[in-house]
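Remarks on the structure that follows.
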Amino acid sequence: MPRKFFRKFLPSHESVRNHRYIARFGPWLQHHNLWHLHRRSVAGGIAVGLFAGLVPGSNPVQFTVAALLAIAFRVNLPLAAVVTLYSNPFTIVPLYIVAFKLGQFVLFESGGSQLPELAFSLEGKGFGEWIPSALHWLASVGKPLAVGLPVLALLLALIGYFATDWAWRIYVRCAWQRRRKKRAQREGKS
């Protein structure tokens with residue numbers, strides 16, 4: 001893939017090893033797969049980032065989960081952290097709706113095709129009346145969402161891994177074919 005392009009932005013293995021903060025963690029952050037770009041490391045980093053992107057919480061939580069999973073599975077750490085950004089304020093609502101519907105499907109619930117509506121009619125009511133209504137809504141959404149989020153995260157991770165692996169193989173195959181054609185053209189001119 002475009003390895004040469006990304007090498008400009010990624011640190012060398014030696015600079016990572018000698019960095020004062022990373023050196024404290026010893027061999028955990030010095031494994032070569034955490035920083036190098038090759039097919040399995042990149043595909044694994046994308047899969048880890050897609051999985052960690054659906055962990056409830058904001059970006060620091062997702063970055064931390066992505067980093068820990070990247071270290072555990074020895075895949076590209078910077079890529080895993082960056083990929084978590086696919087879940088952002090613009091995409092999180094559709095992702096959670098898909099996770100909710102997937103959770104309903106997995107649990108064999110037919111509670112309608114939409115999320116239960118939050119009682120917005122309590123707009124003029126006091127805080128004491130709003131809290132029980134919101135808690136009831138969360139309880140009705142909770143189980144399908146709690147099941148749907150990990151299932152969706154696993155599905156996205158698997159799709160991301162195999163799509164990246166497949167795209168990398170196709171790119172390499174096409175590059176080999178281009179080199180063969182250039183070589184054949186040069187030999188034909190000689």
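By convention here, the first residue in the shown sequence is residue 1.
Atom OH of Y86 has more than 12 neighbouring heavy atoms from other residues, nucleotides or ligands inside a 6.0 Å radius.
Note that the CG atom of L69 and the OG1 atom of T84 stand 11.5 Å from one another [nearest 0.5 Å]. Once rounded to the nearest 0.5 Å, the distance linking CG of L102 with CD1 of I97 reads 13.5 Å.
When hydrophobic clusters are built by joining Ile, Leu, Val, Met, Phe, Trp and Tyr residues whose side-chain heavy atoms come closer than 4.5 Å, directly or via intermediates, W168 is grouped together with L79. Hydrophobic clustering (ILVMFWY, side-chain heavy atoms < 4.5 Å, transitive): V98 and F90 are in distinct clusters. The hydrophobic clustering, which links ILVMFWY residues whose side-chain heavy atoms are closer than 4.5 Å, places W176 and I170 apart. Hydrophobic clustering (ILVMFWY, side-chain heavy atoms < 4.5 Å, transitive): V75 and I71 are in distinct clusters. Side-chain heavy atoms closer than 4.5 Å link hydrophobic residues (I, L, V, M, F, W, Y) into clusters, and following such links, possibly through other members, connects V65 to F73.
Residue F63 shares its hydrophobic cluster (ILVMFWY side chains chained together at separations under 4.5 Å) with L85.
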Report all side-chain donor-acceptor pairs from residues 41-57 shorter than 3.5 Å, counting only partners two or more places apart or in another chain.
unit_1: S41; atom_1: OG; unit_2: N33; atom_2: O; d: 2.6
unit_1: S41; atom_1: OG; unit_2: H36; atom_2: O; d: 3.4
unit_1: S41; atom_1: OG; unit_2: N76; atom_2: N; d: 3.0

Just list the side-chain donor-acceptor pairs under 3.5 Å for residues 154-163, sequence neighbours left out, or say none.
none

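Looking at residues two or more places apart in sequence or on another chain, you find a side-chain contact (heavy atoms from CB on, under 4.5 Å) between I92 and S87, Y96.
Taking each heavy atom of A67 and L77 in turn, the nearest pair found is O-CD1, 4.0 Å. Heavy atoms only, all atoms of each residue included: A80 and A66 are closest at O-CB, 3.7 Å.
Using a 4.5 Å heavy-atom cutoff, the side chains of H38 and R40 are in contact. With a 4.5 Å cut-off on side-chain heavy atoms, K181 and R178 do not count as touching.
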